[in-house]
S.K.: 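Here it is, the structure in full.
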Protein chains: 2
Amino acid sequence: MEYNDKQVQIMEMAEILFAEKGFNGTSVRDIAEKASVNLAMISYYFGSKDKLLEALFSYRGESIKLKLESMIENKELGSMEKMNWLIDHYIDKVMSQQCFSRIMAREQVMNHTSAIAGLIFQMKKRNQELISKLIHEGQKKGEFKKSIDVPLMMATLIGTANSMVTTQHYYREINNLQSLTDEEFHKHIRKKLSQHLKKIFKAILTNEE
Amino acid sequence: MEYNDKQVQIMEMAEILFAEKGFNGTSVRDIAEKASVNLAMISYYFGSKDKLLEALFSYRGESIKLKLESMIENKELGSMEKMNWLIDHYIDKVMSQQCFSRIMAREQVMNHTSAIAGLIFQMKKRNQELISKLIHEGQKKGEFKKSIDVPLMMATLIGTANSMVTTQHYYREINNLQSLTDEEFHKHIRKKLSQHLKKIFKAILTNEE
DNA sequence: GTTTAAATCAAACATTTGTTTAAATTTGCC
DNA sequence: GGCAAATTTAAACAAATGTTTGATTTAAAC
């Protein structure tokens with residue numbers, strides 16, 4: 001799907017508001033004002049508020065897909081290297097699309113009947129399959145141990161990253177990092193998160209006992 | 001704060017609806033119908049819909065506080081034992097109060113200006129302090145290693161547990177556990193989560209390198 | 001310059017929202 | 001039974017909601 005400038009502007013302003021106040025907490029008038037367009041333009045371009053959210057998901061979902069697959073097929077990388085790459089890739093995605101990550105985190109908690117729930121389920125399933133593939137490959141090569149619970153691992157990857165994104169202001173306060181610029185602070189979080197998750201995954205994937 | 005039967009009924013039905021459809025997605029009429037009370041009773045007892053949510057938080061927040069402190073003071077347990085106890089305690093709380101956990105998970109993502117945000121911050125800070133205390137004790141005794149990022153650890157504990165609660169239906173489907181009763185399934189998740197998190201925490205707290 | 005379609009706008013639409021009112025009913029107490 | 005307070009009710013309230021309308025402006029094509 002292609003979107004023109006005005007549509008993109010509406011989606012991106014809506015994204016900010018949805019992240020901040022929730023889908024139901026944001027009115028189409030809020031969105032129209034923030035995007036500096038007339039109220040009716042939202043229905044005109046997207047049909048409805050619900051469809052606007054769906055459009056946002058398709059807009060943001062677009063960018064993710066491709067890189068993962070080609071990385072997994074790469075024969076030159078070891079399984080643990082791939083895993084670490086995947087961790088960094090995921091952190092990157094979450095940190096650079098924080099608003100969208102928040103929306104997803106919230107919508108996941110919601111009722112499982114909406115159109116959005118279906119989209120999220122698709123994404124989740126895709127990722128699950130890719131990671132499973134990676135892990136089985138690592139097990140075959142003897143780099144990973146035998147019994148690994150993939151959904152639990154994903155819960156830790158996704159849950160930890162989401163939790164950090166949604167509570168980063170606590171983190172900043174507690175660690176006295178107010179002197180850093182936003183950019184420096186985000187870089188700091190990325191690095192810490194990356195180290196943390198890699199250590200965890202190494203323990204889960206290799207430590208026998 | 002003491003609540004009479006009718007107030008409790010309203011709060012518990014509201015809890016279910018908030019968890020399912022979100023705070024803003026739930027109308028006071030929905031709540032009144034589900035709780036089988038007249039619409040006006042909600043304002044009568046709680047003042048407003050916002051105050052009802054606050055009441056729910058105070059109602060659910062009450063039960064948590066005490067046990068943790070006495071456990072931490074216990075001199076007979078090793079630091080790692082305490083940590084494991086804490087993990088199981090937290091899993092228990094999340095699994096037995098799933099609706100409330102969902103609400104908290106969602107409200108955390110929201111704007112940080114509401115009255116609820118303050119309550120959540122308080123809870124978070126309390127827990128953080130207790131865990132820090134536990135960890136420093138373990139470090140003093142030489143059971144834990146030196147550099148540990150407590151907020152990151154909490155993000156993993158809370159994030160993983162939340163993620164499992166909110167996506168348990170995926171987990172059930174993927175692992176072909178539909179034949180289990182709900183109770184059996186929850187027991188299964190608890191056990192898996194417990195093993196998983198204990199292994200992670202052991203790795204984080206003790207593995208030097 | 002005229003024509004046709006797309007874009008923009010203010011206004012209005014019907015619902016739904018949270019809350020209040022004021023009357024009716026129930027309850028506990030003497 | 002009679003009284004006062006607490007509870008419950010249906011109705012009404014104003015404000016906010018998502019969406020549509022129909023007129024007006026802009027842009028593009030010929």
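The sequence lines fix the lettering, A, B, ..., with proteins before strands; numbering per chain opens at 1.
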S.K.: So if I take residues 43-55 of chain A and measure heavy-atom distances to DNA chain C, which residues fall below 4.0 Å?
M.R.: A:Tyr44, A:Tyr45
S.K.: Grab the CG-P distance between B:Asp30 and C:dT17 for me, whole Å please.
M.R.: 6 Å
S.K.: Name all residues meeting the ring-ring contact (aromatic ring centres under 6.0 Å, His included) criterion together with A:Phe23; count only those two or more places apart in sequence or in a different chain, and write none if there are none.
M.R.: A:Phe18
S.K.: Kindly write out the residues that satisfy side-chain contact (heavy atoms from CB on, under 4.5 Å) with B:Glu137, not counting sequence neighbours, or none if the list is empty.
M.R.: B:Ser79, B:Lys82, B:Lys141
S.K.: Looking at B:Ile10, B:Val8, B:Ile16, which hits side-chain contact (heavy atoms from CB on, under 4.5 Å) with B:Glu12?
M.R.: B:Val8
S.K.: Can you establish whether the number of heavy atoms outside B:Asn4 located under 6.0 Å from its atom CG is more than 12?
M.R.: yes
S.K.: Report the relative orientation of the aromatic rings in B:Tyr3 and B:Tyr59; use parallel for angles under 30°, tilted for 30 to 60°, perpendicular for over 60°.
M.R.: perpendicular
S.K.: Using a heavy-atom distance cut-off of less than 4.0 Å, which residues of residues 5-14 of chain B contact DNA chain C?
M.R.: none
S.K.: Mind checking side-chain hydrogen bond (donor to acceptor under 3.5 Å, both in side chains) for B:Lys192 and listing every partner two or more places apart, or none if nothing turns up?
M.R.: none
S.K.: Dump the intermediate steps for side chain to side chain donor-acceptor pair (under 3.5 Å) on A:Thr160 and A:His196, then the final yes or no.
M.R.: CA-CA 10 Å; A:Thr160 303; A:His196 180 72; 5.2 Å; no
S.K.: Among residues two or more places apart or on two chains, list those pairs meeting salt bridge (Lys or Arg N to Asp or Glu O under 4.0 Å) that have a residue in residues 157-185 of chain A.
M.R.: A:Arg172-A:Asp182
S.K.: Considering the terminal five base pairs at each end of the helix from C:dG1-D:dC30 to C:dC30-D:dG1, what angle separates the two local helix axes, rounded to 10°?
M.R.: 10°
S.K.: Taking B:Asp30 for its side chain and B:Ser27 for its backbone only, find out whether a donor-acceptor pair lies under 3.5 Å.
M.R.: yes
S.K.: Using whole Å, report how far CG of A:Asn24 lies from C1' of C:dT17.
M.R.: 12 Å
S.K.: Which value, rounded to the nearest 0.5 Å, describes the distance between B:Ile148 atom CD1 and B:Thr206 atom OG1?
M.R.: 9.0 Å
S.K.: What integer distance in Å separates A:Leu17:CG from D:dG18:P?
M.R.: 12 Å
S.K.: In B/S/- notation, 5' to 3', how is nucleotides 24-29 of chain D contacted by protein heavy atoms closer than 4.0 Å?
M.R.: ------
S.K.: Using modelled atom types only, decide if a donor and an acceptor are shared between the side chain of B:Ser194 and the backbone of B:Arg190 within a distance under 3.5 Å.
M.R.: no
S.K.: If you look only at pairs with a residue in residues 38-50 of chain A, which of them pass as a side chain to side chain donor-acceptor pair (under 3.5 Å), with sequence neighbours excluded?
M.R.: none
S.K.: Rounded to whole angstrom units, what separation is found between the CD1 atom of A:Ile42 and the P atom of C:dA7?
M.R.: 16 Å
S.K.: Show the distances under 3.5 angstrom between N or O atoms of the protein and N or O atoms of nucleotides 10-13 of chain C.
M.R.:
residue : atom : partner : partner atom : Å
C:dA10  : OP2  : A:Asn38 : ND2          : 3.3

S.K.: Where do A:Met154 and A:Lys124 come nearest, in terms of heavy atoms and distance?
M.R.: CE-O, 4.2 Å
S.K.: Under the ring-ring contact (aromatic ring centres under 6.0 Å, His included) rule, collect the residues that match up with B:Phe121, sequence neighbours excluded.
M.R.: A:Tyr170
S.K.: Among residues two or more places apart or on two chains, list those pairs meeting salt bridge (Lys or Arg N to Asp or Glu O under 4.0 Å) that have a residue in residues 152-165 of chain B.
M.R.: none
S.K.: For B:Met41 and C:dT25, give me the distance from atom CE to atom C1', rounded to whole Å.
M.R.: 12 Å
